[in-house]
K.L.:
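Input: one structure, supplied below.
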Amino acid sequence: MPTNQLNITLSPAQVAAITAAIDALISNVPFGVNLTKDERTSLPNIGDERLPFVEKVIDNYAPANPTLVSGFAGSKAEALTDLTLYRQFENPIERLMSVLEIYKDTQQLAGSEAYKFSRVFYDTAQIAAENNVPGANAIVDDLGTLFEGQGVPHPPTP
């Protein structure tokens, strides 16, 4: 892998366009919910394996057997609306997940490249400090505090 694959920043116009696009996504779903972690794990999910079951009930069996529709679970019309919304979200979610993966991977690579540069700089400053290069000790002392508590602890010397 090359030392630096990315050498670019977003323009202010690009940042504004991304922000506007995200705002538009949010504003187009004003009814969107934000489940708690417990709600996410406790709610039954359709998933790929249960979708055929739900589709058969709502599209076929419930309309053909109205006497079996219980009022306790809501109406057939509400269930159809919920299934329609579920289906409408499938494609956008898949596309958004792809976009999010690209954004996260790009961010990770940019951060990795910045971190690698910083580590090499710090290593060079340490060598410079060992060789009494003016100002190097101040850099090593300052940056060294950011690594405190990391790594393998050394046993105290007797």
Side-chain angles (χ1 to χ4, degrees), residues 1-55 57-58 73-74 78-158:
M1 183 179 286
T3 303
N4 193 325
Q5 290 181 270
L6 296 172
N7 191 20
I8 191 166
T9 61
L10 296 172
S11 70
Q14 288 171 309
V15 171
I18 291 167
T19 301
I22 293 169
D23 290 344
L25 289 170
I26 293 168
S27 69
N28 276 292
V29 186
F31 52 85
V33 297
N34 189 14
L35 300 174
T36 65
K37 184 178 179 182
D38 289 340
E39 288 171 327
R40 276 189 210 101
T41 57
S42 67
L43 287 173
N45 293 309
I46 288 181
D48 290 338
E49 67 280 351
R50 293 188 184 137
L51 183 58
F53 166 77
V54 172
E55 289 174 332
V57 168
I58 294 173
E78 291 169 332
L80 181 57
T81 299
D82 291 337
L83 180 58
T84 300
L85 182 62
Y86 179 87
R87 289 171 173 158
Q88 289 171 329
F89 272 129
E90 282 181 306
N91 186 277
I93 287 172
E94 288 174 8
R95 294 184 68 204
L96 286 169
M97 288 176 71
S98 295
V99 169
L100 186 58
E101 183 177 331
I102 291 167
Y103 274 60
K104 288 175 82 171
D105 288 351
T106 304
Q107 181 191 38
Q108 183 176 353
L109 180 59
S112 176
E113 290 177 355
Y115 181 71
K116 283 190 239 179
F117 171 84
S118 300
R119 283 303 309 220
V120 170
F121 177 87
Y122 180 58
D123 293 344
T124 303
Q126 287 178 311
I127 293 169
E130 290 170 6
N131 290 289
N132 295 319
V133 173
N137 279 325
I139 293 169
V140 170
D141 291 345
D142 182 47
L143 293 177
T145 62
L146 299 173
F147 290 99
E148 288 176 2
Q150 296 181 14
V152 179
H154 299 288
T157 53

K.L.:
Show every side-chain hydrogen bond (donor to acceptor under 3.5 Å, both in side chains) that has at least one partner inside residues 33-45, sequence neighbours left out.
P.N.:
T36-E39
K.L.:
Under the rule for side chain to side chain contact (heavy atoms under 4.5 Å, CB included), what residues qualify as partners of T106, not counting sequence neighbours?
P.N.:
L6, I102
K.L.:
Are more than 12 heavy atoms from other residues, nucleotides or ligands located less than 6.0 Å from atom CG of L35?
P.N.:
yes
K.L.:
Could you go through L25 and V29, starting from their C-alpha distance and side-chain angles, then the distance that decides it, and tell me whether this counts as side chain to side chain contact (heavy atoms under 4.5 Å, CB included)?
P.N.:
CA-CA 7 Å; L25 289 170; V29 186; over 6 Å; no
K.L.:
Restricting to side chain to side chain contact (heavy atoms under 4.5 Å, CB included), what partner residues turn up for D123, sequence neighbours left out?
P.N.:
R119, Q126
K.L.:
If you draw a 6.0 Å radius around CG in N7, do more than 12 non-hydrogen atoms from other residues or ligands fall strictly inside?
P.N.:
no
K.L.:
Does the S112 side chain pair with the main chain of Q108, one donor and one acceptor, at a distance under 3.5 Å?
P.N.:
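Checking the backbone N and O of Q108 against the side chain of S112, no donor-acceptor pair under 3.5 Å is found.
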K.L.:
Between side-chain atoms of residues 82-94 and protein atoms elsewhere (two or more places apart, or another chain), which donor-acceptor pairs fall under 3.5 Å?
P.N.:
residue : atom : partner : partner atom : Å
T84     : OG1  : L80     : O            : 2.8
R87     : NE   : E55     : OE2          : 3.4
R87     : NH2  : E55     : OE2          : 3.2
R87     : NH2  : D59     : OD2          : 2.9

K.L.:
May I have the list of side-chain donor-acceptor pairs in residues 132-148 shorter than 3.5 Å, sequence neighbours left out?
P.N.:
residue : atom : partner : partner atom : Å
T145    : OG1  : D142    : O            : 2.6

K.L.:
Report the distance from atom CD1 of I127 to atom OH of Y122, rounding to the nearest 0.5 Å.
P.N.:
12.0 Å
K.L.:
Specify the closest pair of heavy atoms between S118 and A114, including all atoms of both residues, with the distance to one decimal.
P.N.:
OG-O, 2.9 Å
K.L.:
Counting only pairs under 3.5 Å, give me each side-chain donor-acceptor contact of residues 14-22, with atom names and distances, residues two or more places apart or in other chains.
P.N.:
residue : atom : partner : partner atom : Å
Q14     : OE1  : S11     : N            : 2.7
Q14     : OE1  : S11     : OG           : 3.4
T19     : OG1  : V15     : O            : 2.9

